[in-house]
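Below is one structure, written out as structure tokens, with a few remarks after it.
Letters A, B, ... mirror the listed sequences (proteins, then strands); counts begin at 1.
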4 protein chains.
Amino acid sequence: MDKSHRKSKKESIIAAGLQVFSQKGFHDARMEEIAVAAGIGKGTIYEYFSSKSQLFQEIMSISINSYYESLDIKNINELPFKERIQILLTGHLQYYIENKDLSRMVFWDVEIMDEELKEWSNKLRKDKQLLMTEIINQSIANGEIRPLNPRLLAYLIMGTFTSFWAPIAIDAEIIDPETTAEIITDIILNGIQP
Amino acid sequence: MDKSHRKSKKESIIAAGLQVFSQKGFHDARMEEIAVAAGIGKGTIYEYFSSKSQLFQEIMSISINSYYESLDIKNINELPFKERIQILLTGHLQYYIENKDLSRMVFWDVEIMDEELKEWSNKLRKDKQLLMTEIINQSIANGEIRPLNPRLLAYLIMGTFTSFWAPIAIDAEIIDPETTAEIITDIILNGIQP
Amino acid sequence: MDKSHRKSKKESIIAAGLQVFSQKGFHDARMEEIAVAAGIGKGTIYEYFSSKSQLFQEIMSISINSYYESLDIKNINELPFKERIQILLTGHLQYYIENKDLSRMVFWDVEIMDEELKEWSNKLRKDKQLLMTEIINQSIANGEIRPLNPRLLAYLIMGTFTSFWAPIAIDAEIIDPETTAEIITDIILNGIQP
Amino acid sequence: MDKSHRKSKKESIIAAGLQVFSQKGFHDARMEEIAVAAGIGKGTIYEYFSSKSQLFQEIMSISINSYYESLDIKNINELPFKERIQILLTGHLQYYIENKDLSRMVFWDVEIMDEELKEWSNKLRKDKQLLMTEIINQSIANGEIRPLNPRLLAYLIMGTFTSFWAPIAIDAEIIDPETTAEIITDIILNGIQP
DNA sequence: AATGAATGAGGATTCATTCAT
DNA sequence: AATGAATGAATCCTCATTCAT
């Protein structure tokens with residue numbers, strides 16, 4: 001029997017956990033429910049994960065990595081600032097659309113249990129922040145954008161990114177990532193003055 | 001027994017709940033702990049609130065109202081767009097600074113229990129969104145700002161507002177609300193092109 | 001309502017625990033069963049004891065103390081050796097008869113959980129051993145008994161004490177403590193030679 | 001596959017069980033741990049033993065038999081009483097010294113699971129008791145020892161035997177079986193009067 | 001009105017045992 | 001015969017809620 005054709009048991013637990021955790025949140029998710037969703041017995045989860053906490057942590061880790069991978073920012077550095085923002089935002093919106101439930105956990109679940117996971121999550125946020133700040137600094141140096149507080153601009157850009165989650169994931173608003181990214185980038189670049 | 005006594009008891013429960021909920025989150029907060037923090041017996045909470053959920057909901061409601069009141073947006077409508085944004089953002093940042101723990105609950109806790117509360121919270125968000133959209137529409141009509149998708153601009157502005165929470169509440173960054181709001185408003189108005 | 005007339009709740013839990021633990025042993029005893037035996041709810045036990053382990057430990061402690069108190073060895077020091085042994089053995093046998101289930105826990109349950117409790121139980125055993133050794137040393141000094149290894153004599157005497165548990169508690173042998181103690185003491189004093 | 005291979009596998013399970021059971025006691029011993037100690041798979045134990053209980057029982061049976069065999073009481077009947085007691089006690093002490101962990105199980109673990117095993121263990125105890133009583137009766141008949149309650153003397157002797165377990169197995173006291181047996185026998189024979 | 005002792009539903013986790021390979 | 005992945009019954013413990021005082 002070809003195992004590769006069937007989801008490995010660990011993978012199906014992760015998939016089930018992803019679904020249940022992102023729908024119910026960490027506390028209201030029941031291990032039993034995850035097991036049922038994975039089509040396995042309760043005890044089997046503990047063959048692959050030592051605890052509910054650890055399962056959640058691993059799922060978070062995978063999810064966040066999947067987000068970064070989805071951005072696919074290989075040679076983004078060579079592009080002009082405008083393109084960069086546009087590409088990043090497009091990817092971000094795409095990710096929201098494709099991972100409605102998941103993205104809640106990834107971008108909004110602050111009430112995480114483990115101190116360790118909390119720190120890790122904060123570090124990730126700061127890293128993202130730093131990356132954006134760097135991009136901005138480069139572009140200021142390039143003369144692409146006018147001199148301004150890079151940290152504050154980074155907040156503006158990343159806050160804008162984040163703000164799309166609720167309309168997409170909760171209100172099920174239909175958004176075209178490409179067009180939306182274009183418009184937002186235009187506003188950021190040119191402002192809103194007539 | 002006069003009413004002021006009774007009122008103060010309910011208020012002290014709310015104050016205690018505010019403190020405990022915002023520090024530990026809904027799930028990790030214990031009714032006992034809230035009672036102790038309020039200096040009353042466990043059972044007494046149930047004289048004033050029918051359940052943990054309802055207590056949380058009421059506290060959320062109060063907190064969000066306190067936020068709106070803190071913005072003090074009475075005659076904001078008569079001001080030019082720039083001032084409006086600046087005032088709103090200043091107030092918002094001020095609120096973060098003065099209510100670090102609380103603001104997490106108010107702006108970030110999505111993992112709320114009751115379906116009812118969830119809907120209410122979503123409605124609030126949409127109202128805010130709508131309010132901002134309206135302001136934008138007015139200002140476009142006024143000619144204060146150029147014609148652009150008001151919904152997307154609203155996302156940009158409100159996302160920017162929200163993005164300051166983590167640095168202030170988690171990273172304890174020191175931010176001057178006034179100056180910060182000025183810079184951000186300038187970017188929104190004029191863009192970042194050289 | 002006069003509380004003193006009713007067993008305090010804690011006492012009834014201890015009594016119930018005593019019964020269940022001594023019948024089933026620590027591992028096979030169920031908290032629920034103890035609660036039922038105490039005529040209370042499961043959760044109530046945890047109002048008085050932090051865990052199953054701690055409940056067991058406290059019961060052991062009480063039981064062993066009750067044994068020592070039952071011996072009532074106040075002014076035993078002034079009696080001749082023969083009387084002392086006889087009185088101690090009589091008391092010991094009496095205790096077995098009156099506390100069949102309990103005595104198993106007190107004298108035989110080696111498979112105890114907590115390292116702490118184990119150490120405490122071992123210390124008690126050694127103390128008993130020491131006490132007996134001292135009595136023997138005194139009596140040798142008195143010339144009441146001939147010079148011999150006091151440690152080994154202590155083992156003999158205390159082993160003899162212990163050996164009555166199984167016949168009394170398990171086989172339900174009927175034994176008259178007074179007469180039995182007399183006979184045993186006679187053997188110890190005079191030996192078995194014709 | 002020859003039988004010697006199979007036999008060695010069963011033996012290695014027994015050896016592993018012996019080790020784990022005597023170190024941790026029945027309840028805290030894990031089948032997995034026994035399997036690992038035996039160098040085999042968990043499931044394999046069930047090829048040779050129907051359950052944890054049955055494995056324990058078989059190990060107990062073997063252990064107790066090994067104890068009796070270790071006493072090597074072939075033609076002990078022809079010896080005088082003094083020698084018999086001395087030889088039995090020497091062997092007993094020797095067994096304690098050589099089987100510190102095991103002897104706990106064999107002589108002290110009352111908290112056994114199966115009713116069946118409990119009965120078997122009790123029967124063994126009574127048999128030992130009876131054997132000793134018989135020896136005593138013979139010796140009284142012989143005129144080797146004076147007439148006295150044989151049952152009580154048996155308790156004294158066997159209790160003395162048992163009392164050495166704790167000092168040897170727990171306190172790691174160093175004891176010379178031969179000398180110790182001699183002294184104890186002397187006390188039993190001649191008493192402790194000056 | 002206020003209390004806190006009592007409750008028991010609910011849930012994470014363990015581990016002996018099974019069974020497909 | 002040997003295995004170990006899978007299972008789910010069993011159990012401790014928590015904590016929101018109740019209610020007698």
Side-chain angles (χ1 to χ4, degrees), chain A residues 1 8-10 13 27-36 38-55, chain B residues 1 5-6 9-10 13 26-36 38-56 113, chain C residues 1 3 8-10 13 27-36 38-55, chain D residues 1 5-6 9-10 13 27-36 38-56 113:
Chain A
M1 206 171 301
S8 92
K9 200 133 287 192
K10 185 169 185 180
I13 294 170
H27 282 100
D28 288 334
R30 308 283 155 237
M31 291 302 266
E32 170 111 52
E33 199 178 357
I34 293 172
V36 169
I40 57 167
K42 224 181 324 170
T44 308
I45 298 178
Y46 291 88
E47 295 285 321
Y48 297 91
F49 304 91
S50 62
S51 69
K52 187 184 180 184
S53 228
Q54 199 247 315
L55 172 60
Chain B
M1 213 173 299
H5 176 63
R6 183 135 197 279
K9 189 147 290 193
K10 185 169 185 180
I13 294 171
F26 178 78
H27 281 100
D28 289 334
R30 308 281 157 243
M31 291 302 266
E32 170 102 55
E33 200 178 354
I34 293 172
V36 169
I40 57 164
K42 219 183 331 170
T44 308
I45 298 179
Y46 290 87
E47 295 286 325
Y48 298 91
F49 303 91
S50 64
S51 70
K52 187 186 180 183
S53 239
Q54 199 248 313
L55 172 60
F56 184 76
M113 65 300 12
Chain C
M1 207 171 298
K3 285 222 164 179
S8 94
K9 202 133 286 194
K10 185 168 185 182
I13 294 170
H27 282 100
D28 288 333
R30 307 283 154 238
M31 291 305 266
E32 171 112 53
E33 199 179 354
I34 293 172
V36 169
I40 57 166
K42 224 184 324 172
T44 307
I45 298 178
Y46 291 89
E47 294 284 322
Y48 297 91
F49 303 91
S50 63
S51 69
K52 187 184 179 184
S53 230
Q54 200 247 314
L55 172 60
Chain D
M1 211 174 299
H5 177 63
R6 182 133 199 278
K9 189 148 286 193
K10 186 170 185 181
I13 295 171
H27 282 100
D28 289 333
R30 309 280 159 243
M31 291 302 266
E32 172 101 55
E33 201 178 353
I34 294 171
V36 168
I40 57 164
K42 219 184 329 172
T44 309
I45 298 179
Y46 290 87
E47 295 286 325
Y48 298 91
F49 304 92
S50 64
S51 71
K52 187 185 180 183
S53 239
Q54 200 249 313
L55 171 60
F56 183 76
M113 67 297 19

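One can place CD1 of B:I45 at 11 Å from C1' of F:dT17, the figure rounded to the nearest angstrom. Atom CD1 of C:I13 and atom C1' of E:dA5 are 11 Å apart (whole Å). Across the protein-nucleic acid pair, C:Y48 atom OH and F:dC13 atom C1' stand 17 Å apart, rounded to whole Å. Spacing between atom NE2 of C:H27 and atom P of E:dT14 amounts to 15 Å, rounded to whole angstrom units. Residue C:Q54 contributes atom CD, which lies 11 Å from atom P of F:dC13 at whole-angstrom precision. Spacing between atom NZ of B:K52 and atom P of F:dC15 amounts to 9 Å, rounded to whole angstrom units.
Within a 6.0 Å radius of CD in A:E32, no more than 12 heavy atoms belonging to other residues, nucleotides or ligands are found.
Closest approach to the B:I40 side chain among E:dT3, F:dA2, E:dA6 is made by E:dT3 (side chain taken as heavy atoms from C-beta onward).
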Each nucleotide N or O in nucleotides 18-20 of chain F that has a protein N or O under 3.5 Å away: list the pair and distance.
none

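Both distances falling under 3.5 Å, in either a Watson-Crick or a G-U wobble arrangement, place E:dG11 opposite F:dC12. Base pairing annotation: F:dA20 forms a Watson-Crick or G-U wobble pair with E:dT3, both donor-acceptor distances under 3.5 Å.
In terms of heavy atoms, A:I13 sits closest to A:I45 at CD1-CA, 3.9 Å. Of all heavy-atom pairs spanning C:F49 and C:Q54, the tightest one is CA-OE1, 3.4 Å.
You'll find the side chain of B:K52 stays beyond 4.5 Å of the side chain of B:I34, heavy atoms only.
One finds the OG1 atom of A:T44 at 11.0 Å from the CE atom of A:M31 (value rounded to the nearest 0.5 Å).
Taking the six-membered ring where tryptophan is involved, the planes of B:F26 and B:F56 are perpendicular, since the angle between them exceeds 60° and thus also 30°.
The stretch residues 29-36 of chain C touches DNA chain F through C:A29, C:R30, C:M31, each having a heavy atom under 4.0 angstrom from the strand.
With DNA chain E read from its 5' end, the first of the two nearest nucleotides for B:G39 and C:K9 is the one closest to B:G39. In terms of position along DNA chain E, the nucleotide closest to B:G41 lies nearer the 5' end than the nucleotide closest to the other residue of the pair C:T44 and B:G41.
Among the protein residues, A:F49 comes within range of no part of the nucleic acid, since none of its heavy atoms lies under 4.0 Å from any strand.
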